[in-house]
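Have a look at the structure below before the remarks.
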Amino acid sequence: MKFCPKCGTAMVPVKKGNTTYLKCPKCGYEEKVNKRDRKSFVERSVVEENKRVKVPIVENKSSSEEEIDEDYRKQLLDNLLEMGEDFD
């Protein structure tokens with residue numbers, strides 16, 4: 001781990017093209033990582049099966065679902081406009 005010489009924050013590896021840099025997330029200071037040190041900045045972890053989060057994949061909505069969503073948006077806007085008139 002390396003710390004920023006300007007502010008002391010831990011620097012994180014960032015790839016730009018084929019080059020790896022260490023960048024300070026706080027002040028933005030960057031420095032190029034030399035080739036022999038690049039492998040020391042690889043972080044790997046294994047997530048246990050019971051701690052993995054499953055993300056559902058939603059397919060495209062049907063035209064009837066899109067129409068319903070549009071109706072909800074219009075109703076919401078109408079309600080907001082009515083509320084705005086009450087506060088004037």
Side-chain angles (χ1 to χ4, degrees):
M1 182 175 284
K2 187 163 185 174
F3 295 93
C4 177
K6 289 185 175 182
C7 68
T9 303
M11 298 177 73
V12 294
V14 176
K15 282 199 80 118
K16 291 184 180 179
N18 291 334
T19 309
T20 303
Y21 292 86
L22 287 178
K23 182 175 183 177
C24 175
K26 186 173 181 181
C27 72
Y29 173 82
E30 288 183 356
E31 67 180 49
K32 189 175 178 179
V33 176
N34 62 35
K35 289 183 181 182
R36 70 180 166 86
D37 291 339
R38 188 180 312 163
K39 290 183 180 180
S40 67
F41 292 106
V42 175
E43 179 181 328
R44 295 188 181 172
S45 60
V46 177
V47 178
E48 296 173 21
E49 182 67 34
N50 62 346
K51 293 187 179 183
R52 293 182 187 177
V53 176
K54 299 198 188 298
V55 179
I57 298 174
V58 179
E59 298 295 325
N60 291 338
K61 293 181 180 180
S62 68
S63 60
S64 63
E65 290 175 315
E66 289 176 2
E67 290 173 8
I68 292 171
D69 286 349
E70 185 63 27
D71 289 341
Y72 284 137
R73 281 192 284 275
K74 286 178 183 177
Q75 184 63 47
L76 175 64
L77 289 173
D78 288 344
N79 291 347
L80 290 173
L81 288 172
E82 287 178 16
M83 287 175 53
E85 292 171 359
D86 291 342
F87 290 111
D88 288 341

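All values below were derived from every heavy atom in this structure, side-chain atoms included, with hydrogens, water molecules and symmetry-related copies excluded. Each residue takes its place number in the sequence, starting with 1.
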- Charged N-O contact under 4.0 Å between Lys6 and Glu30: no
- Task: Answer yes or no: is there an ion pair linking Glu31 with Lys2, defined by an N-O contact shorter than 4.0 Å?
- Result: yes
Looking only at heavy atoms, which two atoms of [X] and [Y] are closest? And how far apart?
X	Y	value
Thr9	Cys24	CB-SG, 3.8 Å
Lys23	Val14	CB-CG2, 3.8 Å
Pro13	Thr20	CB-CG2, 4.3 Å
Gly8	Phe3	O-CD2, 3.4 Å

- Item | Distance under 6.0 Å and angle within 45° of ring axis: Lys15 vs Tyr21 | no
- Between Asp71 and Gln75: side-chain donor-acceptor atoms closer than 3.5 Å: no
- Asn50 atom CG, neighbour heavy-atom count above 12 within 6.0 Å: yes
- Query: Hydrophobic clusters join Ile, Leu, Val, Met, Phe, Trp and Tyr when side-chain heavy atoms are under 4.5 Å apart, directly or via other members; which others share one with Ile68?
  - Reply: Tyr72
- Message: As a quick check of understanding, evaluate salt bridge (charged side-chain N to carboxylate O under 4.0 Å, His left out) for Glu49 and Lys54, giving each step before the final call.
- Response: CA-CA 10 Å; Glu49 182 67 34; Lys54 299 198 188 298; 3.6 Å; yes
